**Student:** 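Got a structure for you, questions after.
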Amino acid sequence: MLVSATEMLKKAKEGHYAVGQFNINNLEWTKSVLLTAEELKSPVILGVSEGAGKYMTGFGTVAAMVKAMHDELGITVPVALHLDHGTYEGCYKCIKAGFTSIMFDGSHYPIDENVAKTKELVSVAHAMGMSIEAEVGSIGGEEDGVVGMGECADPDECKRVADLGADPEECKAVADLGVTMLAAGIGNIHGKYPANWQGLSFETLDAIQQKTGVMPLVLHGGTGIPADMIKKAIDLGVSKINVNTECQLSFADATRKYIEAGKDLEGKGFDPRKLLAPGAEAIKATVKEKMELFGSVGKAE
Ligand code: 13P
């Protein structure tokens, strides 16, 4: 059974490691991520952007595929199916489709509107036993049409969103909070980082964590962040790290090598099960590397 991300993030926060969110695009992606999580006994979050959901013909298709694959593969580690950067309407579609977690990205709204919409979705998500991620301060770059400037979040605005449902300072457990996890911009960017990137703002991250207490923080744009920065971000309260582009790059690289070596022209090398295999293996290797870096290996045992 798929689960919400609440319990796994609570444990990650307490255990000072991070759970990886790996975005999926199709059957191969889903299979590679699930098999790697199971092999490494790591909890995992499958992220689905609105664009990827549309590509896979709708959130209903995605939920049905993931649930069936999870059961057919006999996956025993905790797996959450999560909407990534959801619109208000997209959140309701995923709730209906059977996702176990949603992200409402209200960062482009004025803060009062972001708070009001997030608050409404928090109560719906809670009623459905789902986890919910909120965002304050946009993540830079572009992902499936969601464009952000990459400004750092205002710690006081983070506190307002983190306080929805309950006051973190009065909460003993993350499960008592309204919002399950909070994505706050700290100079992170979706996609490849430019050569002149200034790095993560640990000052902002620290200030946000001080204001939001036990709230698990989410680091988007996990592709290309150096290992030492990842470790420091986890030390400062990040409990979930999103990776998308890096799996795409590994897949493309391995597929290109297969074709450039002319393997698709040898025997039945054009069979999609053969053609897509190196890419699927490359995704597994990337996911493994990230889970090891994030410290989530063995945490589902
Ligand atoms: P990257 O594509 O940079 O890894 O970012 C993924 C992400 O943050 C998904 O929301």
Side-chain angles (χ1 to χ4, degrees), residues 5 9 18-26 29-30 32-33 36 44-56 59 62 80-87 90-91 94 99 101-108 131-153 180-195 197-201 205 216-227 229-230 233-234 238-253 282-283 285-291 293-294 296:
L9 289 182
V19 177
Q21 171 191 307
F22 299 94
N23 285 49
I24 57 170
N25 289 288
N26 60 17
W29 245 259
T30 313
S32 292
V33 178
T36 308
V44 73
I45 298 169
L46 301 179
V48 182
S49 68
E50 297 218 352
K54 202 166 157 190
Y55 174 77
M56 288 184 270
F59 294 126
V62 178
L81 179 59
H82 179 73
L83 170 64
D84 189 28
H85 291 286
T87 58
C91 284
C94 286
F99 276 49
S101 188
I102 48 172
M103 172 183 188
F104 171 58
D105 181 355
S107 60
H108 48 283
S131 43
I132 175 162
E133 176 176 344
E135 178 167 333
V136 177
S138 74
I139 314 299
E142 188 266 346
E143 184 181 59
D144 273 341
V146 179
V147 179
M149 301 308 289
E151 72 260 24
C152 285
T180 320
M181 50 201 146
L182 179 68
I186 55 166
N188 38 338
I189 297 173
H190 288 129
K192 289 185 190 174
Y193 283 85
W197 180 51
Q198 302 294 306
L200 298 176
S201 168
L205 178 56
L217 299 176
V218 183
L219 182 63
H220 282 247
T223 296
I225 299 180
M229 284 196 199
I230 294 279
I234 295 173
V238 163
S239 310
K240 171 175 176 274
I241 303 177
N242 293 4
V243 178
N244 184 7
T245 308
E246 206 155 324
C247 290
Q248 299 183 5
L249 292 169
S250 319
F251 177 87
D253 193 41
I283 294 171
T286 299
V287 172
K288 181 168 191 260
E289 186 191 310
K290 296 295 169 191
M291 285 178 167
L293 176 62
F294 301 166
S296 69

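We count ligands from 1, going down the list as the structure has it; atoms in each ligand are counted the same way. In this text the structure is predicted, and so the values were computed from the model without any measurement.
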**Student:** Let me confirm one number: the CG-CG distance from L182 to L217, rounded to the nearest 0.5 Å.
**Tutor:** 6.0 Å

**Student:** Give the minimum heavy-atom separation between F59 and E50, together with the two atoms involved.
**Tutor:**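 Looking at all heavy atoms of both residues, the shortest contact is CZ-CA, 4.0 Å.
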
**Student:** For ligand 1, which atoms have a heavy atom of G191 less than 4.0 angstrom away?
**Tutor:** 1 (P), 2 (O), 3 (O)

**Student:** So is there a nitrogen or oxygen of Q21 less than 3.5 Å from a nitrogen or oxygen in ligand 1?
**Tutor:**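 In fact, backbone or side chain, Q21 has no N or O that close.
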
**Student:** Examine distances only and state if a side-chain atom of T223 and a backbone atom of E246 form a donor-acceptor pair shorter than 3.5 Å.
**Tutor:**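 Yes, because the side chain of T223 sits within donor-acceptor range (under 3.5 Å) of the backbone of E246.
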
**Student:** Suppose I only count heavy atoms of T245 and a 4.0 Å limit; which atoms of ligand 1 are within that range?
**Tutor:**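 Here the atoms of ligand 1 in question are 1 (P), 2 (O), 3 (O), 4 (O).
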
**Student:** Is the shortest N/O to N/O distance between E246 and ligand 1 below 3.5 Å?
**Tutor:**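 Between E246 and ligand 1 (N or O atoms, distance only) the closest approach is not under 3.5 Å.
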
**Student:** Answer with yes or no whether G47 contacts ligand 1, where contact means a heavy atom under 4.0 Å from a ligand atom.
**Tutor:**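 Not so, G47 does not reach ligand 1.
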
**Student:** Quickly, which of N242, I132, D84, V218 forms a side-chain contact (heavy atoms from CB on, under 4.5 Å) with M103? Name it, please.
**Tutor:**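 Testing M103 for a side-chain contact (heavy atoms from CB on, under 4.5 Å) against N242, I132, D84, V218 leaves exactly one candidate, D84.
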
**Student:** Is N23 in polar range of ligand 1, meaning some N or O pair under 3.5 Å apart?
**Tutor:** no

**Student:** What atoms in ligand 1 come closer than 4.0 Å to a heavy atom of T223?
**Tutor:** 1 (P), 2 (O), 3 (O), 4 (O)

**Student:** Against heavy atoms of D84, which atoms of ligand 1 measure under 4.0 Å?
**Tutor:** 9 (C), 10 (O)

**Student:** Considering the heavy atoms of N244, write down every atom of ligand 1 situated less than 4.0 Å from one of them.
**Tutor:**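 That gives atoms 1 (P), 2 (O), 4 (O), 6 (C) of ligand 1.
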
**Student:** Walk me through whether L205 and L219 qualify under side chain to side chain contact (heavy atoms under 4.5 Å, CB included).
**Tutor:** CA-CA 10 Å; L205 178 56; L219 182 63; over 6 Å; no

**Student:** Do the rings of F251 and W29 sit parallel, tilted or perpendicular, given the 30° and 60° boundaries?
**Tutor:** tilted

**Student:** For the backbone of G187 and the side chain of Q198, can you confirm whether one donor and one acceptor N or O come within less than 3.5 Å of each other?
**Tutor:** no

**Student:** So is V243 polar-close to ligand 1, meaning N/O to N/O under 3.5 Å?
**Tutor:** no

**Student:** If the cut-off is 4.0 Å to any non-hydrogen atom of H85, which atoms of ligand 1 fall inside it?
**Tutor:** 10 (O)

**Student:** Strictly by modelled atom types, are T286 and S250 linked by a side-chain donor-acceptor pair under 3.5 Å?
**Tutor:**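 Side chains of T286 and S250: pair found under 3.5 Å.
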
